[in-house]
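Heads up: the structure comes next, in structure tokens.
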Amino acid sequence: MVKVGESKELGQFLTDGEGRTLYVFLKDPENASVYEGECAQKWPPLLTTQKAHSLRGVVASPPPPASCVAGDL
């Protein structure tokens with residue numbers, strides 16, 4: 001389930017059903033995630049078997065840089 005989260009600092013953003021911020025990691029291959037191990041536990045991918053559809057009022061903006069290295073965990 002995708003929800004809309006909100007904060008004073010960030011405005012509105014998409015989250016998963018547990019409130020974790022959703023993002024697009026542009027280096028991921030189609031239908032896969034490069035995160036594994038500890039990274040996948042901290043930032044699990046949102047998986048679906050249904051066709052994606054747009055959400056009314058959602059405007060795309062560039063995601064912030066993301067990294068997962070031992071020092072970030």
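Glu18 pairs by the salt bridge (charged side-chain N to carboxylate O under 4.0 Å, His left out) definition with Arg20, not counting sequence neighbours.
Between Val4 and Leu14, the closest heavy-atom pair is CG2-CD2, 4.2 Å.
Within the structure, the salt bridge (charged side-chain N to carboxylate O under 4.0 Å, His left out) test picks out no pair touching residues 2-15 (sequence neighbours left out).
The shortest distance between side-chain heavy atoms of Val2 and Thr15 does not fall below 4.5 Å.
Distance OG1/Thr21 to CG/Leu10: 7.5 Å, rounded to 0.5 Å.
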